[in-house]
Amino acid sequence: MAIEVRAASAFADVAAVLGPKRPDASVCFCLSYRLTSSKENQSLTGPARGERVRELCAQDPAPGVIAYDGDEPVGWAAIHPRADTSFATNRRIPHVDDLDVWSLWCVRVRPGHRKQGISHHLIEGAVAFAREHGAPMVEAYPVDNRGERVDLTMAYVGTRAAFERAGFEKAADTTSVLNGFPRILMRRDLR
């Protein structure tokens, strides 16, 4: 298995990893944090969510990265400048400083491909993507689960241990809690 991580510019590949089984379903599609307006996020239902992601895939920079095993898309990581996400105004996630950081908020591996190290490839690929676009720093907001099991539906934020293995360091506590675990702000300096 040779995993390659590339910009998420092919909507069909993003939809293969994030899209709902039914086109009329109003599931996340990884827009909750990407959109700066909760009003826009709530107004997008059914196929409109996919169409909004299609628009984002056509932009530069792309809305994240996709991991491929050969030609098959097997994972996704959402990464973008924090200023263009809801983290810019999120009251539970602090701003450490005024640096123009990029936020890495979602890592998802498709069923059937988990427990093969793909999350590590996605985190590294997301960091490389941000570096290529001039990011001085990447932030992530994983749970500090102290080795306890995280519910699969909430595991998208990642764990402290996974980000530590990728060279991130804790920068601050947050007031955000997910699945009963506190989320922390971790950073990786790219300067």
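Note that this is a predicted model, so its numbers are computed, not measured.
- The hydrophobic cluster containing Leu99 does not contain Leu190, counting ILVMFWY residues as joined when their side-chain heavy atoms lie under 4.5 angstrom apart, directly or transitively.
- Linking Ile, Leu, Val, Met, Phe, Trp and Tyr whenever their side-chain heavy atoms come within less than 4.5 Å puts Val107 and Ile3 in one cluster.
- Under the 3.5 Å distance criterion, the side-chain polar atoms of Asn179 are matched with a main-chain donor or acceptor of Asp151.
- Of the possible polar contacts, none joining the Arg6 side chain to the Gly125 backbone as a donor-acceptor pair under 3.5 Å is found.
- Heavy-atom contacts from other residues, nucleotides or ligands closer than 6.0 Å to NE2 of His120 number 12 or fewer.
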Leu178 and Tyr156: CA distance, side-chain angles, deciding distance, side-chain contact (heavy atoms from CB on, under 4.5 Å) verdict: CA-CA 10 Å; Leu178 190 64; Tyr156 69 93; 4.1 Å; yes

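- A single hydrophobic cluster is not seen to contain both Val101 and Ile184; linkage of ILVMFWY side chains at heavy-atom distances under 4.5 Å, directly or through other members, places them apart.
- Two different hydrophobic clusters hold Phe163 and Val96 under the rule that ILVMFWY side chains link at heavy-atom gaps under 4.5 Å.
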task: Check the pair Trp76 / Cys30 against side-chain contact (heavy atoms from CB on, under 4.5 Å), numbers first and verdict last.
output: CA-CA 10 Å; Trp76 153 265; Cys30 211; 3.3 Å; yes

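- The closest side-chain heavy-atom distance from Glu40 to Arg52 is below 4.5 Å.
- Under the 4.5 Å side-chain heavy-atom criterion for grouping Ile, Leu, Val, Met, Phe, Trp and Tyr, Leu18 is connected to Leu44 within one hydrophobic cluster.
- Put simply, the side chain of Pro61 reaches to within 4.5 Å of the side chain of Trp102, judged on heavy atoms.
- Here the shortest heavy-atom pairing between Ala67 and Leu122 reads CB-CD2, 3.6 Å.
- At a threshold of 4.5 Å between non-hydrogen side-chain atoms, the residues Met154 and Val143 do not count as touching.
- The main-chain N or O of Val109 is found under 3.5 Å from a side-chain atom of Arg114 such that the two form a donor-acceptor pair.
- Smallest separation of non-hydrogen atoms from Thr45 and Gln42: CG2-O, 4.0 Å.
- Side-chain N or O atoms of His95 include one that pairs as donor or acceptor with a backbone N or O of Ala88 at under 3.5 Å.
- Salt-bridge formation is detected for the pair Arg188/Glu124: a Lys NZ or Arg NE/NH1/NH2 atom is positioned less than 4.0 Å from an Asp or Glu carboxylate oxygen.
- Looking at heavy atoms from C-beta onward, Asp100 lies out of side-chain contact with Arg82 at the 4.5 angstrom threshold.
- Residues Arg187 and Asp97 are paired through a salt bridge, judged by an N-O separation under 4.0 Å between the basic side chain and the carboxylate.
- Around atom CG of Asp71, no more than 12 heavy atoms belonging to other residues, nucleotides or ligands sit under 6.0 Å away.
- Within the 4.5 Å cutoff, the side chain of Pro142 has no heavy atoms near those of the Lys170 side chain.
- Formation of a donor-acceptor pair under 3.5 Å by the Thr174 side chain with backbone atoms of Ser176 is found in this model.
- Between the Arg183 side chain and the Tyr141 main chain, a donor and an acceptor come within less than 3.5 Å of each other.
- Within 6.0 Å of atom CZ in Arg146, more than 12 heavy atoms from other residues, nucleotides or ligands are found, so the atom counts as buried in its surroundings.
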